[in-house]
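Ligands are counted one by one from 1 in listed order, and the atoms in each one are counted from 1 as well. Since we're looking at a predicted model, the values are computed, not measured.
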Amino acid sequence: MTAEEVKLQIRNIPDFPVKGIQFKDITTALQQPECLRWMRDEMVNLYKNKGITKIVGVESRGFIIAPAVAMELGVGFVPIRKPGKLPAETVEISYQKEYGVDTIQIHKDALSADDVVLLHDDLLATGGTMAAAIELVKKFGVKKVYVNFLIELDFLNGRELLEKGAQVNSLIHM
Ligand code: AMP
């Protein structure tokens, strides 16, 4: 498969969840094993020689492909979640959204200063969520942070917000 072929399997839903948003629905691609395999293999090829020690996925669509990649790289998977979901002691960060403030959390014992982290989410829009996730992971003093998305919405320039703190890569550009 190619990036262009997988792109054709991603469904566009106009005006979801609110008017004016073109929602990129990956569930149509996820139904197809060849698309799943392509996403996993592309990520494995990108990151296999980078010394990654943990893959950190952002709730909730960042939990789908990341564990498959972690297994291939022989490293662990760590979830970043919304408040109240993680059962043990957490570290958190709050960030400004278009309307109001959001918070994300990670388990306090999930990372250490020895880690090289690959942060993953399904889609890069404005970059606000991932910028907060990078800051959260950096609280652990980790050695290096890589950032990966399945899809990047180029016209929103979210990448600009992230590239100071991490090396950013996306499998599909829209
Ligand atoms: P942002 O913080 O603006 O980069 O938004 C990123 C988060 O919102 C990701 O977790 C995405 O899953 C979700 N998201 C934002 N815009 C879209 C969109 N147009 N289609 C699908 N998901 C989106």
Decide side chain to side chain contact (heavy atoms under 4.5 Å, CB included) for L123 and F149; before the verdict, give the C-alpha distance in whole Å, the side-chain angles of both, and the deciding distance to 0.1 Å.
CA-CA 5 Å; L123 184 138; F149 300 94; 5.6 Å; no
Regarding ligand 1, does K24 bring an N or O atom to under 3.5 Å of one of the ligand's N or O atoms?
yes
Heavy atom of protein inside 4.0 Å of atom 8 (O) of ligand 1, strictly below
no
For ligand 1, does D122 get within less than 4.0 Å through its side chain, its backbone, both, or neither, judged by non-hydrogen atoms?
side chain
So is there a nitrogen or oxygen of A125 less than 3.5 Å from a nitrogen or oxygen in ligand 1?
yes
State the atoms of ligand 1, each with its element, that fall below the 4.0 Å cut-off from a heavy-atom position in L153.
19 (N)
If you count the non-hydrogen atoms of other residues, nucleotides and ligands that lie under 6.0 Å from NZ in K85, is the total more than 12?
no
What atoms of ligand 1 come closer than 4.0 angstrom to any heavy atom of D121?
9 (C), 10 (O)
Nearest-contact summary for atom 2 (O) of ligand 1 - protein heavy atom, Å:
T129 OG1, 2.6 Å
For G127 and ligand 1, answer yes if some heavy atom of the residue is under 4.0 Å from a ligand atom, otherwise no.
yes
Could you tell me if the side chain of Y47 sits less than 4.5 Å from the side chain of N148, heavy atoms only?
yes
Among K139, R81, Q105, find the one that has a side chain to side chain donor-acceptor pair (under 3.5 Å) with E92.
Q105
Is the NZ or CZ atom of K97 positioned over Y95's six-membered ring, under 6.0 angstrom from the centre and within 45° of the axis?
no
May I ask you to identify the nearest protein heavy atom to atom 3 (O) of ligand 1, giving residue, atom name and distance to one decimal place in Å?
T126 OG1, 2.5 Å
Check the surroundings of atom NZ in K108: do more than 12 heavy atoms from other residues, nucleotides or ligands lie under 6.0 Å from it?
no
Side chain, backbone, both or neither: which applies to R61 and ligand 1 if a contact is any heavy-atom pair less than 4.0 Å apart?
side chain
Can you give me the closest heavy-atom contact between V116 and Y146, atom names plus distance?
CG1-CE1, 3.8 Å
Please list the nearest protein heavy atom to atom 19 (N) of ligand 1 with its residue and the distance rounded to 0.1 Å.
Q22 O, 2.9 Å
of all protein heavy atoms, closest to atom 17 (C) of ligand 1 is L123 CD2, 3.4 Å
Determine whether I104 and I93 make a side-chain contact, defined as any pair of heavy atoms from C-beta on separated by less than 4.5 Å.
yes
Any idea which part of V58 is under 4.0 Å from ligand 1, heavy-atom wise: side chain, backbone, both or neither?
neither
Are side-chain heavy atoms of V56 and F77 found at a separation under 4.5 Å?
no
Does I26 reach ligand 1, in the sense of a heavy atom lying below 4.0 Å from it?
no
